[in-house]
Amino acid sequence: MSNNNKKPQLPKSVLEMKFMKKTKDRIEREIENTQGHDSLYSNIITSEMRSATGNYISEPSFIYCEDLLEGRLSFKGMNPEIERLMELKNQQNKQPSGEMDKDISDEILAKKMKAFNARKRQNITPSKYSVVKKKK
């Protein structure tokens, strides 16, 4: 299995140095331990499994995550309290409120806008104080 292992290994000349003695011992123990695993799981682990890389698909967009459900879920009566909460949430989502709640009535808004527009028009016309006349 050490041959199939794609983990980078240190050269023997480096492992023979004094300060690398603990590392050399650790590597030898790991090799001994993994040799026993080969025979234990040989009928389960295939060569395809050993050489396989990650079977992941990277998606550049997060659109697929927008409609996912958040929070705790319960199915087939496993947690009745959570199922009740899920039903309440679904009922709220199915009943659209129609219009938004109004803070100000339409009549009051119309009066305020009329007064605002009247003040705005006054500022557009030049007043007698802003125009300076020249005397001859």
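Remark: Lys89 NZ to Met86 CE distance equals 9.0 Å, nearest 0.5 Å. Between the OG atom of Ser61 and the CD atom of Glu66 there is a distance of 7.5 Å, given to the nearest 0.5 Å. Here Met17 contributes atom CE and Thr23 contributes atom OG1; the two are 12.0 Å apart, rounded to the nearest 0.5 Å. Taken from CG in Asp25 to NZ in Lys21, the straight-line distance is 6.5 Å, to the nearest 0.5 Å.
A heavy-atom distance below 4.5 Å is found between the side chains of Arg26 and Glu30.
Taking both residues in full, the closest heavy atoms of Glu83 and Met78 are given as OE2-N, 3.7 Å, listed atom of the first, atom of the second, then distance.
Within a 6.0 Å radius of CD1 in Ile104, other residues, nucleotides and ligands contribute 12 heavy atoms or fewer. Annotation: Glu59, atom CD; neighbour count of heavy atoms from other residues, nucleotides and ligands within 6.0 Å is above 12.
Phe116 and Leu109 sit in two unconnected hydrophobic clusters of ILVMFWY residues. Membership requires side-chain heavy atoms under 4.5 Å apart, directly or through other members.
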